[in-house]
Amino acid sequence: MSDPRPSCSYGKKCYRRNPDHFKEYKHSHIEKAFKNDDLKDELSTLQKIQLGIVQSLANEGSIQIDSNEPEADQSKEENMQKKVNPRSQDENGESPLQKKKKLDEEERKVSQIQGHGPAQLKDIQSSSASALQASGFRTVLDKWKSAAPFHLFLSKIAHVERTHEEPLTLSFSDILDPSMGNVVESVQINYMCSPGWLLAQYCVHNLQKTQITVFYGSENPEVEAVASKVPTLTAVRLKPKYLFGQHHTKMCLLYYDDQSMRVVVHTGNLYENDWEDRTQGLWISPRCYTGKGDMDSATFFRRDLISYLNTYEQPKLINKWIERLNKLDMSEIRVFLIGSVPGNHAEKSFGHPRLATLLRLHTTQVAKPEDWKIVAQCSSIGSLGPQPKAWFQGEFATALSTAGSQGPKLGLVNSHLVELIYPSYSDVKSSLHGLAGGGCLPYSRKTHSNQTWLTDYLNHWKSDTRFRTKAMPHIKSYSRISSDGSKALWFILSSANVSKAAWGMRNKAGNLTIQAWEAGILFLPKFFNLGSDFDCNYSSSNVPNAIPIHYDFPLKKYQDDEQPFFIDVLP
């Protein structure tokens, strides 16, 4: 049977990971590798992930791959273009015809969305309404209020209905729900962005006229193509100057028609897969109003947010937001902003020194420090060095183990104090999408081969109490938890993975080198009037004043023969 799908106009440059995209379009380079194992080694890491998606779709009968050479007609057309007028190609090897095809395709997508794209929008509307009803709330605002004092949520998992019933579950479109305020302008700050999906989230709530500014890090021609066609969308790609740096922050600012504002810090990229079947975390601030005094919070959240935004060096786009922030009463915000920005830093404003400073100022010594584990949970791991003391057990663990004015000395942290949660091969294999579910876990075998010591610190991803064991974690979190799992000294939700690029590393001059933009929030009991520690809540019920940890205790250590999931295992 002939494959009826049209060819993806991006060809080998396609970056999509959404299975629906591969149901709609065929990709010759991927489907050739599907039929010829010898071609698999020629694929990039991303293309191997895409191949895994295509294989899954083919196995379940969702797509029919033509037995003939895919996209043969397109290849002939492109070759003809090259022969006829080779000088008409741009530096990327694209002819005017290819460019026009891309723009036409993006225009079709945007027109469908702006015209209320019936199928996609109805699906989002129906899903959000069903989840709200299942959780027993009348509005999203009611759900937000019930989550006091932390307002800390996990993302809804589309294929796990039990998560829809949780009081502490939200979808991305819920952030824009009119019960939370009538959004008239917003800033989306992220790494990856699928503009069609993002616009659809706004259209669900009839926010087509809302001005949206997107700061993003991952190269994606589709963002620029859509922005050129949609007058309400402004997109700016931020390019860090370091090799291993990236703009990785996930945050948004929502400005309402009464000049009030909310800040949302989360862990998901702006595309469908991240918000459908992966575990994400999000914190939504109180609504901050003008006209009630221009007070900052006790945590100086506004000051630190403005300091972070100024590092973007985009005054035309950022200054009006800073002016708005300066007029707000943000005194109800109780969390600290923990940011990372690229550069060499002598001060302690960013990265792990920022965290250590806050822990030194606002926590107290515990009687038996060895009874309080540092638990780091992430979706990627950087190159940490040949020995744990080089960074992981050195300056990183030293910062996280700080408690009160008498913080530990560098390099003297107990080696059994730190635990790391990262999915194993078996965790991913049994996930909602099998091995393809590991597409958000880019840790490589090569990196691990230079730091095999890390296996001793690794624990399985397990979230039975929050119904998310099979939903691979893209969330990143850090905490200091009692050995029985009942108490926490502090908790962080962040975009930052366990890496030097994200948290920073001391250089020879003694300054801190950070390569990436990151943002997270720190919860400290002192600022919630809860004494010296939080109660921990390892159930799906909303226990008052208990910080809702999203993984199970006790932690489950890797066995001797187990390995972390490596992105290389994807076909």
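The figures that follow rest on heavy atoms only: side chains count, while hydrogens, waters and symmetry mates do not.
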Under 4.5 Å between any side-chain heavy atoms of [X] and [Y], yes or no?
| X | Y | result |
| --- | --- | --- |
| Leu170 | Lys143 | yes |
| Leu152 | His550 | no |
| Ser155 | Phe172 | no |
| Arg468 | Thr169 | yes |
| Pro473 | Gln377 | yes |
| Ile157 | Leu432 | yes |
| Ser285 | Met261 | no |
| Glu347 | Thr357 | no |

Let me confirm one number: the [atom1]-[atom2] distance from [X] to [Y], rounded to the nearest 0.5 Å.
| X | Y | atom1 | atom2 | result |
| --- | --- | --- | --- | --- |
| Leu337 | Leu305 | CG | CG | 6.0 Å |
| Trp490 | Leu524 | CH2 | CG | 9.0 Å |
| Leu361 | Lys526 | CG | NZ | 7.5 Å |
| Gln314 | Thr311 | CD | OG1 | 10.5 Å |
| Asp296 | Thr299 | CG | OG1 | 7.0 Å |
| Leu489 | Ser482 | CG | OG | 8.0 Å |

Distance-only donor-acceptor check, side chains [X] and [Y], under 3.5 Å:
| X | Y | value |
| --- | --- | --- |
| Ser424 | His460 | yes |
| Gln280 | Thr267 | yes |
| Asn511 | His345 | no |
| Lys470 | Ser430 | no |
| Ser331 | Asp329 | yes |
| His159 | Glu276 | no |
| Arg262 | Tyr256 | yes |
| Ser444 | Thr447 | yes |
| Ser307 | Asp304 | no |
| Thr465 | Asp552 | yes |

* Do the ring planes of Trp283 and Phe301 sit parallel (below 30°), tilted (30 to 60°) or perpendicular (above 60°)? -> tilted

* Asked: Should the ring pair Phe527 and Phe336 be called parallel, tilted or perpendicular, given that the plane angle runs from 0 to 90° and is split at 30 and 60?
  -> perpendicular

* Would you find more than 12 non-hydrogen atoms of other residues, nucleotides or ligands less than 6.0 Å from Glu161 atom CD? -> no

* Does NZ in Lys557 sit with more than 12 non-hydrogen atoms of other residues, nucleotides or ligands closer than 6.0 Å? -> yes

* To do: Show your reasoning for whether side-chain contact (heavy atoms from CB on, under 4.5 Å) applies to Trp391 and Met505.
  => CA-CA 8 Å; Trp391 182 82; Met505 180 181 68; 4.0 Å; yes

Donor-acceptor pair, side chain of [X] and main chain of [Y], under 3.5 angstrom:
| X | Y | answer |
| --- | --- | --- |
| Thr279 | Ala471 | yes |
| Tyr551 | Trp461 | no |
| Asn459 | Ile421 | no |
| Gln451 | Leu384 | yes |

* **Derivation of the side-chain contact (heavy atoms from CB on, under 4.5 Å) call for Thr163 and Leu154** => CA-CA 9 Å; Thr163 67; Leu154 296 181; over 6 Å; no

Between [X] and [Y], is the ring centroid distance below 6.0 Å?
| X | Y | value |
| --- | --- | --- |
| Phe150 | Phe491 | no |
| Tyr457 | Phe392 | yes |
| Trp144 | His151 | yes |
| Tyr422 | Phe565 | no |

Examine [X] relative to [Y] and say whether NZ or CZ is less than 6.0 Å from the centre of the six-membered ring and inside a 45° cone about the ring axis.
| X | Y | answer |
| --- | --- | --- |
| Arg334 | Phe523 | no |
| Arg324 | Tyr255 | yes |
| Arg303 | Phe300 | yes |

* Structure fact -> Looking only at heavy atoms, the pair that brings Arg278 and His474 closest together is CB-CB, 4.5 Å

* Asked: His247 and ring pair (Phe, Tyr, Trp, His ring centres under 6.0 Å): which partner among Tyr312, Tyr216, Tyr191, Phe215?
  -> Tyr312

* Asked: Salt bridge check: are Lys462 and Asp464 linked by an N-O gap of less than 4.0 Å?
  -> yes

* Taking 4.0 angstrom as the limit, do Asp568 and Arg445 come out as a salt bridge? -> no

* Verify ring pair (Phe, Tyr, Trp, His ring centres under 6.0 Å) between His448 and Trp453, making sure each step is shown before the conclusion. => CA-CA 9 Å; His448 188 70; Trp453 54 263; 8.8 Å; no

* Trp372: partners by ring pair (Phe, Tyr, Trp, His ring centres under 6.0 Å), with sequence neighbours left out -> none

